[in-house]
Every structure is written in C-alpha cells, then in structure tokens.
Number of protein chains: 2
Amino acid sequence: MTQQTEPARRKPLNRDRVLRAAVALADRAGIEALSMRSLAHELDVVPMALYKHVANKEQLLDGMVDVIVGEIDPPAGDADWKSAIRRRILSARRALLRHPWASRVIESRTSPTPGVLDYLNSIIGMFRAGGLSADLTHHAMHALGSRVWGFTQELFPASPGPAPADADPQALAALLGEMATRYPHIIEIVLARPHDGESVVGQGCDDQFEFEFALDLLLDGFERLHRQGWTSAERF
Amino acid sequence: MTQQTEPARRKPLNRDRVLRAAVALADRAGIEALSMRSLAHELDVVPMALYKHVANKEQLLDGMVDVIVGEIDPPAGDADWKSAIRRRILSARRALLRHPWASRVIESRTSPTPGVLDYLNSIIGMFRAGGLSADLTHHAMHALGSRVWGFTQELFPASPGPAPADADPQALAALLGEMATRYPHIIEIVLARPHDGESVVGQGCDDQFEFEFALDLLLDGFERLHRQGWTSAERF
DNA sequence: ACCTGAACACCGTTCAAGT
DNA sequence: ACCTGAACACCGTTCAAGT
C-alpha cells in the first residue's frame, strides 16, 4: 500500500488503462490504425512496455472485446422471455454500434473470453427461464449466430455501386442504367423501399429495421416451435 | 498469333493462373500464409510480376472470391421457389466448405465483384419468380445475410474450452466442472445433443443440421409472411 | 532484477536503375 | 520500352545488452 517510492514519471500503466486506450484509439482512428507500436506511442511508452500487461496483440483484442461486452445492459425485468431477450440483444447492438470496429474484432476471435461466456450464458438462461427446452435453446443459439451480438454480415457494405463517392450525377445515372440491365433484380429490390421513395438511389437501407425484422422472424419461429413441443429428433 | 518468338522460360503468367494458384495456396497452407511474396515464390516469379495481373492484394482477394462463387451450381429446375433457393444456398455452402478460408475473405470484401452481384441477382430473381413482392424479397435478403453464401458466424469456433488439444483427461474433467459452476446454461445446452449423447464433451455440433435449421426457419417465415400479404408498411 | 533499444523476420508497394 | 532488385515504411515479437 505504501508504494509511492517510485518516481512518478507517468501514470502507472496497467491492463485496464491499456485496454481503454486501445478502445479509444480504435474508435478515433479505426481498427486498422491500431498497432502495438501506435498504441504504445499513444500511451507515451515504448512498445515493449505493453507486453507487461498483455501477452500479445491477440490478447489485447480479446481484452477490447470484453470492454465492449461490459457495456451491454444487464437483463431488464420483462415478463416474457421473448421481449426480454429482444431487449437485451438490442442493447448489445447499441454497444456494438458505438464501436464500429467491434463486430469485425468479435468475428476474428478464435476462443471466447470470460466476458463473452458470461453474456452467452446469461442469454441462454433467459431462454431456459422462458421454458424452452435445452435442445431447442441449443438450436436457437446457433440460428441467432452473430445476431446475439446485435450485428450480422451485410451483403452490400456501403452501396451497390463501385464508385459511391462519385459526384457526377450523369455518370451515376449511366452507371445505374448499366446495373439495371445487368442486375435487374438487385436494382428492383434496392429501389423497393416505400418509406423513403423520393431519392433515386436508395442511399442505404434502414439497418435497424432490417435487424429487427430478422430478429423477430427468428424469435417468432422459436416461439412457434416451442409451443408445438418441437424436438430435434424430428425435422419440422 | 505467331508469337512464340519469346524464349519460353516459364508458362506465361495471366490473371487466371494467378488466381488459381492463390486459391490453391490458400487451400493448402491457409489464408494467413498467402502473401504477394509467397504467391510469387509459388509461381516462380518475382513479386512485382504479380502486379501486372492484379492491381494490389485486395483485388487478388476479390478475384479469389469470384473463383469460388463460380463453383456454385446454377439453379436447378425446382417447382417451388422455397426448395429451389434452399438447394442453391446449400450448393453455395458446399463450395464454401471446400475452401475453409473463403467465408472470412468474403466477409472482408468492401465492394462486391461482378461474380458476387451475378449470384445475388440470381437468388433475388428466384424469390421474385416465386411471387414474393420486391419489398418482402428485400427484407428476406437482409435477413439471410451471409447465409446466402452458406455460412454464418459461429459463436464457438472450435470448442468451448480454452485448451481444446489438452490431452490430460483428469484436467479436462476438472475444467468441465469449473465451467459447469460458472456457465451452467452453456454446459447444459452443449450437452443437450440427443443424437450423439455418448461422449462427455459434445465434440462440436452438427454444423450442417444447425445451418439447415436456421435456413428453414427463415424460409418458412418468408413463406408465411408472403401468404399473409405482408408489407413493410405494417410491422408484424 | 529489471527495462528497453536494436534487431529479426516478415509485410505490401514504390521507384529508380539496369538492360 | 520493359523488367526487376533494392528500398521504403511499416508490422509483431525476440533478445541481448545496458543499468
């Protein structure tokens, strides 16, 4: 406890400060700008100093995931399991959206951290508390996949066109015309957005709507199977 | 046509040969072993020679994705849209499973290649031919997400334990005991596999079953909404 | 005993020198 | 005009030398 004999050059580094700085750096400069060297520079230490607190870069990324998972709200006291799980997953989604790099880092992890296991254990417990069998819950978790984290792989990351920032409206219209002849079905459904039908190009989809659409479709499906007393012994 | 004046030191390099060699190298040595340098070494050329055929490494990876997408079977002549789409997606899954690195590379692409657009256009066309509205098809494609490629992000990549290759059975049992007290719900559903209930640790799940479970749940959901005349103007 | 600068073994890509 | 070796600006991590 009386350890202030050390000359206080810098704030003493610890694992938590390293992880928080890494999250902040990734938030600000992007995950591709996060390197052991750039993080060390950020913390005003020599790169090797980081290796006192994380074994290697993989463990640094693991720790960053746990920081984000810690931001997910605990379960609220909903009456039914479906809305409780729905609410929790949407909370995870908000946490993920605050850190645009997080979904890609979660995808890249090869073994789960304690924080990840705690979250998954808790979600599974919510299904079981709702009365779903361990069997059905097992398959439900697989079906949700990365959706338990509040994200899914987007097919069209930003825009369907090859040159999204191209400012020339005439070239853009020509491009759309080419696309329409070669990929008529894609163009049709991209434009099939009744709510904001004014713009020529669909300027991206309502990601939140799409996420909830698929989530509700799955949750409703689980509920239906549960009511039917489904087991994996028989295919439905 | 009379161009054999060139002394034939090596087979002439072209884009197709570069892409095929890259796919073969990734299949054999893993995607992390694929670098512009290692690929050049494989083809007995100097690294810079590759830049004649691909602009950079990103474009190389794009080309590799197109090679794999080209392996997906064309649509079979199924009577109903649901089984036609199901069959096609399961064909995509087989192509992906032949190249374990492919799903991660597809995830990492930032803009779609022509081959990718052709495939997506074709799947969308199958929904439309089945009578689904452009609106519902739009949301269906989002809900499928990366599942149109035949893969989904697995929550437990290999095994739930931190030391999968640990041979000591006593230590493994102790680890399982620790896990069971800390993550009781996870352990319960991991063990809830009626078909191969003999093994103590569930030795991984039946990925094919899980994939088809979720795929069918989604396709059945789309069919139900279609029959109800659902539109995104109203929430279901 | 502890800390850390230099070094190692890589990357993708640029560029100028050589033929 | 074409090809390519060396170089540049990075990585994550090791390791031995210095205090």
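Just so we're clear, the structure is a prediction, and the values are computed from it rather than from any experiment. Lettering of chains follows the sequences in order, A, B, ..., and the numbering in each one begins at 1.
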Participant: In whole Å, what is the span from the NE2 atom of A:His41 to the C1' atom of D:dC11?
Facilitator: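 Roughly 16 Å, once rounded to whole Å.
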Participant: Can you tell me how far P of D:dC8 sits from CZ of B:Arg37, to the nearest Å?
Facilitator: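 Answer to the nearest Å: 14 Å.
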Participant: Rounded to whole Å, please give me the gap between CD1 in A:Ile31 and C1' in D:dC11.
Facilitator: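 One finds 15 Å between C1' of D:dC11 and CD1 of A:Ile31, rounded.
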Participant: Is B:Met48 touching bases, backbone alone, or none of the nucleic acid, heavy atoms closer than 4.0 Å?
Facilitator: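 Touches a base.
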Participant: Establish, from distance only, whether the side-chain atoms of B:Gln208 and B:Arg93 form a donor-acceptor pair under 3.5 Å.
Facilitator: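 B:Gln208 vs B:Arg93: donor-acceptor pair found between side chains.
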Participant: Counting heavy atoms from C-beta on, name the nucleotide in C:dC11, D:dG5, D:dT13 closest to the side chain of B:Ser35.
Facilitator: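 The nucleotide sitting nearest to the side chain is C:dC11.
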Participant: Classify the side-chain pair A:Thr113/A:Asp66 by whether it contains a donor and acceptor separated by less than 3.5 Å.
Facilitator: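 The answer is yes; a qualifying pair exists.
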Participant: Taking only N and O in the side chain of A:Lys52, is any of them less than 4.0 Å away from OP1 or OP2 of C:dC2?
Facilitator: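 So the side-chain polar atoms of A:Lys52 never come under 4.0 Å of the phosphate oxygens OP1 or OP2 of C:dC2.
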Participant: Taking all atoms of both residues into account, what is the closest heavy-atom pair of B:His53 and B:Leu13, and its distance?
Facilitator: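 Closest approach of B:His53 to B:Leu13, heavy atoms only: NE2-O, 3.2 Å.
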Participant: Between atom NZ in A:Lys57 and atom C1' in D:dT13, what is the gap in whole Å?
Facilitator: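 So the two atoms are 12 Å apart, to the nearest Å.
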Participant: Charged N to carboxylate O under 4.0 angstrom, A:Arg86 versus A:Glu212?
Facilitator: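 Yes, A:Arg86 and A:Glu212 are salt-bridged.
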Participant: Take atom CG of B:Leu39 and atom P of C:dG12, then tell me their distance rounded to the nearest Å.
Facilitator: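 That distance rounds to 10 Å.
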Participant: Can we say B:Arg104 and A:Glu107 salt-bridge, meaning some charged N sits less than 4.0 Å from an Asp/Glu carboxylate O?
Facilitator: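 Result for this pair is no, no salt bridge flagged.
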Participant: Would you mind reading off the distance between A:Met36 atom CE and C:dC11 atom C1', rounded to a whole angstrom?
Facilitator: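 After rounding, the reported distance stands at 17 Å.
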Participant: Find the distance A:Leu34:CG to D:dC10:C1' and express it as a whole number of Å.
Facilitator: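 Spelled out: CG on A:Leu34 to C1' on D:dC10 is 15 Å.
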Participant: Can a salt bridge be assigned to the pair A:Asp73 and A:Arg88 using a cut-off of 4.0 Å between side-chain N and carboxylate O?
Facilitator: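 A salt bridge is absent here (no side-chain N lies under 4.0 Å from a carboxylate O).
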Participant: Between P on D:dC11 and CG on A:Leu50, what's the gap in Å once rounded to a whole number?
Facilitator: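 About 13 Å, once rounded to whole Å.
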Participant: DNA chain C: stems of at least 3 consecutive Watson-Crick or G-U pairs, cut-off 3.5 Å?
Facilitator: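 The stems that DNA chain C takes part in, listed by first number, are C:4-8 with D:12-16, C:12-16 with D:4-8.
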Participant: Please tell me which of the listed nucleotides, C:dT13, D:dG5, D:dT13, lies nearest to the side chain of A:Asn56?
Facilitator: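 Minimum distance to the A:Asn56 side chain belongs to D:dT13.
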Participant: Is it the case that B:His185 and A:Asn121 place a side-chain donor and acceptor less than 3.5 Å from each other?
Facilitator: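 No, no side-chain donor-acceptor contact under 3.5 Å.
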